[in-house]
Amino acid sequence: MNAPKTLYDKIWDAHVVDQADDGTCILYIDRHLVHEVTSPQAFEGLRLSGREVRAPKQTLAVPDHNVPTDEGRAEKIEDINSRIQVEALEKNAQDFGIEYYPVDDIRQGIVHIIGPEQGWTQPGMTIVCGDSHTATHGAFGALAHGIGTSEVEHVLATQTLIQKKSLNMKVEVKGELGVGVTAKDVTLSIIGETGTAGGSGHVIEYTGDAIQNLTMEGRMTVCNMAIEGGARAGLVAPDDKTFNYVKGRPHAPKAAAFETACAYWKTLKSDPGANFDKVVTLLASSIAPVVTWGTSPEDVLPITGEVPSPSDFEGPKSDAVERSLDYMGLRPGTRLEDIEVDTVFIGSCTNGRIEDLREVAEIMQGRKVKPGMRAMIVPGSGLVRLQAEEEGIAEQLVAAGFEWRMAGCSMCLGMNPDQLSPGERCASTSNRNFEGRQGRGGRTHLLSPAMAAAAAVTGRLTDVRHLM
Amino acid sequence: MDKFTSLTGIAAPMPLVNIDTDMIIPKQFLKTIKRTGLGVSLFHEMRYDPDGKERADFVLNQIAYRTAEIIVAGDNFGCGSSREHAPWALLDFGIRCVISTSFADIFYNNCFKNGILPVTLPKEQVDQLMRHAAKGANARLTIDLEKQMVTSPDGENMNFDIDPFKKRCLLEGLDDVALTLEKEAEITAFETRHQLAMPWL
């Protein structure tokens, strides 16, 4: 009998082209997503060496990082450097025969939103992109991770990567989540538990009933931040929810092919007794709505908590906390609920899907954004935007005082006009609270869409359970 | 890619933990279609004040470290974004080696594609090298990749582990796309098998 395998082992084994004696493998890549910021140098490298894109049909390109999110952007992108990058992507896609969604295409959006939306992302695949949040696609039981630009070039030229296998890690979340606790709270709480380097060298499989009970959108939120826990990738074993999500989407297999695929997809789960090198277990009942207070995603606490003191930590982390409290303009002992914010950002590849917007709409029912606040909603794709408009969510949220923007990465990374000014404080559904991430001197508190909506209502970090 | 064989140079101490790639090269400098010219923007927000003036207290602005070729860093260096602009900026500044207890996965891989050697050592040894680095320009470290050895200014040798394939690529400055394309026949054969096994792809 064969040794029991993890889900990661199975996907890995199905994609090894060649293995050297030292364990270095050539791993086949089924799908490659390309965006404007990390690909120009890769295409330039191809041209300089006279190489072609090996599998243009397995490659999809879309601009998302630096595109503005105002309605006039289809006419002209004002920032010349951004415009050059977007034009370069368009030309590269054309020259090499790659499917491309321009900014005025309804399918345009954040690369990790549109992959699943188009049925491009499927269980059992290997998927890469020059972006660390590629881990998102792991929610479908696909091995998906970020790569650098040299590796983008390597995949374009060879449709493979040179890799060594990572270790297996299991993160199990047992039981039922409480009221007001969402997938974002789960993923942030896991990082709070393991630290930002806790998953280093590992691929995480998220298991347990709290994970299984999440929707596909929720699973994507969890896997999206696997990278913030230091892991190469995050995975959730596919199930009926996954198959139903994929079915009928433009790039999904059709009719009999779908049934054949589905039969294989059902084998994609860790065997009983499979070996995990590291196991972390959390009780769903112990997870509260959380926010981050510092400048690392591991700086996370339940909203009922207080800003910690550097003396609560040891060694270099203590120095880092001192630095981050100074940057964040926070004093130890301040109740998290007393922290006032002036900006609310709802969007990103972590929380820019339709379910996230529904979560916001539910909290905003009969409520308004506090006067004077800047509150923006940036749907993850043109299709999410359209769906929210059809469901009446857009109209409701605009009436409540939100800005309703076009799709893109927006304020998650401030490479486009959507940025914080120095000292501005933002309740943000994005994934990174690093210094300067949303704009130089900007202060970011990461939280769920429901918690962001609560902050928009009160003008401070707020326990969403008070509003439920 | 430039080879990396051995290096003796000034090491700048950066004990902060979790130095992320947004710190190494902030987002506004990613709007380039080139790999070069990023050195002046390395660590931009730590290195310059909002008016663009150098901050005197930042390590790479101090006379002793302006020509540093090595960084000794706190845990989990290079976490966050996958941007290869981070190693490009380090290289363009002149950094060829970073020493830490741990590195984020994508950053670590990106270094090897650009002739930068990331060296992982146990905490006690990194702490010791950090103390040497803090002494300034006279305290030079030597890194010998062939021997997998860091030598401190007082002559102590510290061995480090490195993946043999990555080591060879750095020592010889190999183009790994060309290496992989030597296996072209295997890739084509795999594609045929894969298509038969998973015809829906």
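Being a predicted model, the structure only gives us computed values, none of them experimental. Letters go in sequence order (proteins before strands), and every chain restarts at 1. Basis for what follows: all heavy atoms, side chains included, without hydrogens, waters or symmetry-related copies.
For A:K254, the NZ atom is densely surrounded, since the number of other residues' heavy atoms within 6.0 Å is greater than 12. The neighbour count for B:D161 CG, taken as heavy atoms of other residues, nucleotides or ligands under 6.0 Å away, does not exceed 12.
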Quick one, B:T188 with A:R54, criterion side-chain hydrogen bond (donor to acceptor under 3.5 Å, both in side chains). Give me CA distance, side-chain angles, the key distance, then yes/no. CA-CA 10 Å; B:T188 304; A:R54 183 179 176 90; 3.1 Å; yes
Trace of the side chain to side chain contact (heavy atoms under 4.5 Å, CB included) decision for B:I33 with A:E87: CA-CA 11 Å; B:I33 54 173; A:E87 286 170 356; over 6 Å; no
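The CH2 atom of B:W200 lies 7.0 Å from the OG1 atom of A:T260; values are rounded to the nearest 0.5 Å. Here A:N81 contributes atom CG and B:F29 contributes atom CZ; the two are 11.0 Å apart, rounded to the nearest 0.5 Å. To the nearest 0.5 Å, the span separating CE on B:M23 from OG1 on A:T295 amounts to 6.0 Å.
A salt bridge does not link B:K31 with A:E36: every distance from a Lys NZ or Arg NE/NH1/NH2 to an Asp or Glu carboxylate oxygen is 4.0 Å or more. A salt bridge links A:R51 with B:D175: the closest approach of a Lys/Arg side-chain nitrogen to an acidic carboxylate oxygen falls below 4.0 angstrom.
In this structure, chain A has a heavy atom under 4.5 Å from the backbone of B:K34, while its side chain stays farther away. With a threshold of 4.5 angstrom between heavy atoms, A:T158 approaches chain B through its backbone and through its side chain. Neither the backbone nor the side chain of B:P87 comes within less than 4.5 Å of any heavy atom in chain A. Neither the backbone nor the side chain of A:N431 has a heavy atom closer than 4.5 Å to any heavy atom of chain B. The part of A:V16 that comes within reach of chain B is its backbone (N, CA, C, O), which places non-hydrogen atoms under 4.5 angstrom from that chain.
In this structure, B:T180 and A:I162 have side chains that are in contact, with non-hydrogen atoms separated by less than 4.5 Å. Under the 4.5 Å side-chain criterion, counting only non-hydrogen atoms from C-beta, B:L16 is not in contact with A:D319.
Side-chain N/O atoms of A:D30 and B:H194 include a donor and acceptor closer than 3.5 Å.
Options A:K317, A:Q85, A:H15 differ in how many heavy-atom pairs under 4.5 Å they form with chain B, and the most are formed by A:Q85. Note: A:E151 leads A:E151, A:E44, A:E228, A:K57 in heavy-atom pairs under 4.5 Å with chain B. Ranked by heavy-atom pairs under 4.5 Å with chain A, the list B:L201, B:N109, B:T21, B:L179 is led by B:L201.
With B:E84 contributing its side chain and A:T149 its backbone, the two residues share a donor-acceptor pair below 3.5 Å. Looking only at distances, no side-chain donor or acceptor of A:K164 sits under 3.5 Å from a matching main-chain atom of B:D163. Under the 3.5 Å distance criterion, the side-chain polar atoms of B:R35 are matched with a main-chain donor or acceptor of A:Q41.
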